[in-house]
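Computed from a prediction, not measured in an experiment: that's the story for all the values here. Values below: every heavy atom of this structure, side chains too, minus hydrogens, waters and symmetry copies. In listed order, ligands and their atoms are each counted from 1.
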Amino acid sequence: MTEKNKSQKPKHIGFIMDGNGRWAKRRGMPRKFGHSEGAKALKEIVNYCKKIEIPYVTLYVFSTENWKRPDDEVEAIMDLLRKYLNDAYSRIGSGVRFVFLGDKGRFAPDIQQIMYKLEEESKVEYSLTLLLAINYGGRDDLLFSFKNIARKISFGELKAENITESIISENLYTAGIPDVDFIIRTSGEQRLSNFLIWQGAYAELYFTDTYWPDFSPKELDKALLDFSNRKRKYGGIS
Ligand code: FPP
């Protein structure tokens, strides 16, 4: 690897954390055990991203479609979320800023409250912006942007003919955040599943058979090495 390639590091990594259920099933354990082990892997990966100075990380925690899962599984994920967010709140000041992507309105009031508080109060001295995609869908994100834009047009703040790609970007849940440039999906599935479909238009994709609870910093290093060898062309020629 050349020196030039070595320095090619993503600025924004998106993780599709898949395979918790299968990981647990293989061990004869309930799916929720897979999610709680997945939450441990998540913490380790976030700490590692901070250590290696990745400025933006998005985690696909819960999609707009995940509500269709059995009630007890949804409840188990909500309990993990509650625990994780409260723990994060007690660590404000440790260099992580939180941003939530998705409609917060569907969550229990205490979860919504901690999300708003985290977003507001974690904006201090941070090196990592952690975006949690929760009740998130890429199409819903676009709908959110289009509705914001339509509102601005109806208030006379914007003219339809002046809509640009950056105006669409600025009205998404990710407003102000650079586009994701590397998307990693675990568990052998090779699709985006409605994750950052606008923002990931030029992202490099990486798929691994490893189930999310086993995804370690070592695995991330392997993915980053792969990224450093990609030729990014953005539609041009190399
Ligand atoms: C996909 O695995 C994972 C999810 C839908 C949930 C992601 C949740 C976590 C990583 C842990 C929760 C952590 C917090 C902080 C709330 P799957 O269940 O679809 O796996 P499968 O495809 O093997 O069934």
Side-chain angles (χ1 to χ4, degrees), residues 13-50 57-92 94 96-104 106-108 110-119 122 128-138 140 183-196 205-217 219-220 223:
I13 310 181
F15 290 95
I16 303 179
M17 309 180 288
D18 200 6
N20 292 346
R22 278 164 286 165
W23 183 92
K25 198 175 165 203
R26 271 206 177 166
R27 286 161 178 77
M29 299 295 280
R31 293 177 57 82
K32 51 187 175 188
F33 180 63
H35 295 313
S36 66
E37 290 301 298
K40 287 184 195 162
L42 174 163
K43 282 185 203 161
E44 202 183 357
I45 288 295
V46 170
N47 286 337
Y48 189 63
C49 286
K50 190 167 154 243
V57 170
T58 299
L59 301 171
Y60 204 5
V61 179
F62 199 81
S63 75
T64 43
E65 290 72 37
N66 286 152
W67 296 105
K68 290 186 248 164
R69 294 190 174 208
D71 289 351
D72 67 323
E73 183 172 344
V74 171
E75 237 167 72
I77 295 177
M78 291 303 132
D79 283 347
L80 283 170
L81 181 62
R82 191 174 272 116
K83 223 167 109 197
Y84 179 74
L85 298 181
N86 279 294
D87 185 46
Y89 189 72
S90 72
R91 286 167 202 267
I92 281 185
S94 64
V96 181
R97 165 173 70 134
F98 281 80
V99 174
F100 295 93
L101 310 179
D103 179 5
K104 296 182 184 76
R106 194 148 174 199
F107 294 97
D110 66 312
I111 294 185
Q112 288 188 41
Q113 198 192 10
I114 190 93
M115 283 175 173
Y116 283 115
K117 275 167 63 174
L118 259 176
E119 239 168 9
S122 66
L128 172 68
T129 297
L130 183 62
L131 300 108
L132 298 181
I134 307 186
N135 189 24
Y136 177 83
D140 184 59
I183 294 179
I184 297 175
R185 183 172 190 150
T186 56
S187 91
E189 308 294 340
Q190 303 196 356
R191 55 180 175 271
L192 285 179
S193 300
N194 207 8
F195 180 59
L196 300 178
L205 308 179
Y206 181 88
F207 301 105
T208 169
D209 287 339
T210 303
Y211 292 144
W212 177 255
D214 286 335
F215 191 80
S216 60
E219 289 259 356
L220 178 54

Q) Between Asn135 and Asp103, is there a donor-acceptor pair closer than 3.5 Å when you use the side chain of the first and the backbone of the second? A) yes
Q | Expected output: side-chain Arg22 to main-chain Ser187 donor-acceptor under 3.5 Å | A | yes
Q: Please determine if Trp212 has a nitrogen or oxygen closer than 3.5 Å to a nitrogen or oxygen of ligand 1.
A: no
Q | Residues which pass side chain to side chain donor-acceptor pair (under 3.5 Å) with Ser122, listed by chain and number, not counting sequence neighbours | A | none
Q | Distance-only N or O hit between ligand 1 and Arg22, under 3.5 Å | A | yes
Q | Shortest protein heavy-atom distance from atom 13 (C) of ligand 1, along with the residue and atom involved | A | Ala39 CB, 3.7 Å
Q. Would you say Arg27 has more than 12 foreign heavy atoms packed within less than 6.0 Å of its CZ?
A. yes
(Q) When you compare ligand 1 with Gly21, is there at least one nitrogen or oxygen pair between them that comes in under 3.5 angstrom? (A) yes
**Q.** Exam field: side chain Arg31 to backbone Ala24, donor-acceptor pair closer than 3.5 Å
**A.** no
Q: Could you say whether the N/O atoms of Asn66 and ligand 1 ever approach to under 3.5 Å?
A: no
**Q.** Top protein contact for atom 9 (C) of ligand 1, by heavy-atom distance
**A.** Asn20 ND2, 3.5 Å
Q: May I ask you to identify, for Arg69, whether its side chain, its backbone, both or neither come under 4.0 Å of ligand 1 on a heavy-atom basis?
A: side chain
Q: Identify, with sequence neighbours excluded, every residue that meets ring-ring contact (aromatic ring centres under 6.0 Å, His included) alongside Phe195.
A: Tyr60
**Q.** ligand 1 contact by Arg31, heavy-atom criterion under 4.0 angstrom
**A.** yes
Q) Atoms of ligand 1 less than 4.0 Å from Tyr84 heavy atoms? A) 15 (C)
Q. Can you tell me if CG on Asp72 sees more than 12 non-hydrogen neighbours from other groups inside 6.0 Å?
A. yes
Q: Quick one: look up the protein heavy atom nearest atom 11 (C) of ligand 1 and list residue, atom name and how far away it is.
A: His35 O, 3.3 Å
Q: Measure Leu59 to ligand 1 on non-hydrogen atoms and call it side chain, backbone, both or neither using the 4.0 Å cut-off.
A: neither
Q. Looking only at heavy atoms of Ser187, does any of them come nearer than 4.0 Å to an atom of ligand 1?
A. no
Q | Check: Trp212 side chain, Gly38 main-chain N or O, donor-acceptor pair, under 3.5 Å | A | yes
Q.
Between Glu119 (side chain only) and Phe100 (backbone N and O only), is there a donor and an acceptor less than 3.5 Å apart?
A. yes
Q) Is the shortest N/O to N/O distance between Ile77 and ligand 1 below 3.5 Å? A) no
Q: Please report which non-hydrogen protein atom sits nearest to atom 6 (C) of ligand 1, along with the residue it belongs to and the distance in Å to one decimal place.
A: Val61 O, 3.3 Å
Q.
Looking at Asp87 and Tyr84, would you say the former's side chain and the latter's main chain have a donor-acceptor pair under 3.5 Å?
A. no
Q) For ligand 1, which atoms sit closer than 4.0 Å to a heavy atom of Leu81? A) 16 (C)
Q: Tell me which protein heavy atom sits closest to atom 1 (C) of ligand 1, plus the residue, atom name and distance to 0.1 Å.
A: Met17 O, 3.2 Å
